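Quick note on labels: first sequence line is chain A, next is B, and so on, each numbered from 1. It should be emphasised that the depicted structure is a prediction, and the values quoted were computed from it without experimental measurement.
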2 protein chains.
Amino acid sequence: MGVMQQTQKSERTRLTVGDWEQGALDMIAEQGVGALAVEALARRLGVTKGSFYWHFRNRESLLRSALESWEQNEEAEVLAGIESIDEPRARLREVFHRVAHEMKSHRIYAALLKVLDHPVVLPLMGRVTQRRMQFLTEAYLQIGMPPRTAAHRARLAYAAFIGFLQLNLTLGMPRLSHEEFDAYVEHVATTLIP
Amino acid sequence: MGVMQQTQKSERTRLTVGDWEQGALDMIAEQGVGALAVEALARRLGVTKGSFYWHFRNRESLLRSALESWEQNEEAEVLAGIESIDEPRARLREVFHRVAHEMKSHRIYAALLKVLDHPVVLPLMGRVTQRRMQFLTEAYLQIGMPPRTAAHRARLAYAAFIGFLQLNLTLGMPRLSHEEFDAYVEHVATTLIP
DNA sequence: TGCTGTCAATACGCGCACGTATGGATCGGG
DNA sequence: CCCGATCCATACGTGCGCGTATTGACAGCA
């Protein structure tokens, strides 16, 4: 006993590495990677730079840690308990509908898409995107598509997902009512799942 | 007579506003909006800042002019002589195939997608995206789709286009051979055009 | 109670890119 | 030929954000 985690309820307690990482991910989700500044984040957490440079070597180090933490958790957020659905088509449809809902993880992914020139971000996004397209490809294979077609369809579906993020989150283009939005998602599902 | 345009062949001649705009668009296409720095662009054009601040009030002014110029020309680049194709489906297929080819205009569009938080870029991208989706919607209507379906399909097709840009241009994800790339484009066309 | 390790505050230096100030070069018309 | 307008070079000032250096506060433990 005696070891309190205390990463929750950060009311006037000392900060941990995890607190800084979470704060960084919050800022990235809200304002993008460019807005992740040391002093701004420190203000947000109620301290000054002096604290930051005790926990991290520099800004890059924080970014690396935060994104590493994100990479380890982003998968579970969407795929939680998805394997309980047996029918392949229904499972894929469920994935589509889940993805359509706004999640913090998606905002971060969209923010990272905008800084792919950054040497830390590029390989990470390569891995994540690769895994996700792999998942889609296997899903289409389970439906019964021939391999080549499955790969192409997976690529198309994932491209549609990325465009969806841009149009909604950043461009604010939809201007759709709630019901019309659902109708759109349904249209996508039926168009992309044979 | 007597009035030489001389915007071509910029061998040791004075620079015009159009030269700066084109240079700016080149830099944006190659390295993104963030890399558009006054002194860097001046070096690229073989002069110094002193020249720049004679032609423009500041960096923002250049960005505004350059993007305005781009907005007026980007449409023609893809749709040139597309109305010569009568059959609606064939015309749409032709648009898909043209778009699949890398063009400078697409690189600029992709670069602008990454700075949608910029107050100059956001409304411009809103207009351009709106027009393009409008075009797609009407194309699907001409095919015979009911209005709601046409709107949804246009949105899906354009989202796929945006994702396509990200996956190829910036993420470098495709790793496809030339023929496999063509097969993918063909798959997209047949999937998205009934 | 004093010591030590942990976390934070303050002050400072530095690099970069923007923007300004001012003087120099070059071209065309009277 | 020369003068004003146009175009460019050089030098400087400034703000911002990173990173460093130094000191301070506060816990647990002997």
- Message: At 10 degrees resolution, what angle do the end axes of the helix from dT1(C)-dA30(D) to dG30(C)-dC1(D) form when each is taken over five base pairs?
- Response: 10°
- Side-chain touch L36(A)/L62(A), heavy atoms, less than 4.5 angstrom: yes
- Message: Would you say that Q130(B) contacts R175(A) through its side chain, given a criterion of any heavy-atom pair below 4.5 Å between the two side chains?
- Response: no
- Query: Stepwise, does the side-chain contact (heavy atoms from CB on, under 4.5 Å) test hold for H118(B) with V33(B)?
  - Reply: CA-CA 10 Å; H118(B) 196 296; V33(B) 176; 5.5 Å; no
- Item | Step-by-step side-chain contact (heavy atoms from CB on, under 4.5 Å) determination, M125(B) to Q166(A) | CA-CA 11 Å; M125(B) 288 295 277; Q166(A) 304 275 0; over 6 Å; no
- For E68(B), all residues meeting side-chain hydrogen bond (donor to acceptor under 3.5 Å, both in side chains), sequence neighbours excluded: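 Once residues adjacent in sequence are excluded, E68(B) has no partner under the side-chain hydrogen bond (donor to acceptor under 3.5 Å, both in side chains) criterion.
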Test side-chain contact (heavy atoms from CB on, under 4.5 Å) applied to [X] - qualifying residues, sequence neighbours left out:
| X | result |
| --- | --- |
| D182(A) | H178(A) |
| A159(A) | L167(B), Y184(B) |
| V95(B) | I82(B), V99(B), F135(B) |
| R148(A) | E180(B) |

- Item | side chain to side chain donor-acceptor pair (under 3.5 Å) pairs, two or more places apart, involving residues 82-100 of chain B |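 Residue pairs passing side chain to side chain donor-acceptor pair (under 3.5 Å), neighbours aside: R91(B)-Q142(B), R93(B)-E186(B), E94(B)-R98(B), H97(B)-E186(B).
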- Task: Flag the pair H152(B) / Y140(B) as yes when their ring centroid distance falls below 6.0 Å, and as no otherwise.
- Result: no
- When you list every nucleotide of DNA chain D with an atom under 4.0 Å from a heavy atom of chain A, which one comes first 5' to 3', and which comes last? dC18(D) to dT20(D)
- Proximity to DNA chain C (any heavy atom under 4.0 Å), residues of residues 58-70 of chain B only: N58(B), R59(B)
- Task: Give, ordered by number, those residues of residues 32-42 of chain A having at least one heavy-atom distance below 4.0 Å to an atom of DNA chain C; if nothing qualifies, reply none.
- Result: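 Those residues whose heavy atoms fall under 4.0 Å from DNA chain C, taken from residues 32-42 of chain A, amount to none.
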- Message: Quick check for you: to the nearest 0.5 Å, what is the distance between L141(A) atom CG and T149(A) atom OG1?
- Response: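 Answer rounded to 0.5 Å: 9.5 Å.
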- Euclidean distance, L67(B) CG relative to L124(B) CG, rounded to 0.5 Å: 5.5 Å
- Would you call the rings of F161(B) and Y158(B) parallel, tilted or perpendicular if under 30° counts as parallel and over 60° as perpendicular?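 Answer is tilted, since the angle falls between 30° and 60°.
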Look for any protein N or O under 3.5 Å of an N or O in nucleotides 20-29 of chain C and output each such pair with its distance, or none.
none

- Item | ring-ring contact (aromatic ring centres under 6.0 Å, His included) against Y53(A), all qualifying residues, sequence neighbours excluded |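 Checked Y53(A) against ring-ring contact (aromatic ring centres under 6.0 Å, His included); zero matches.
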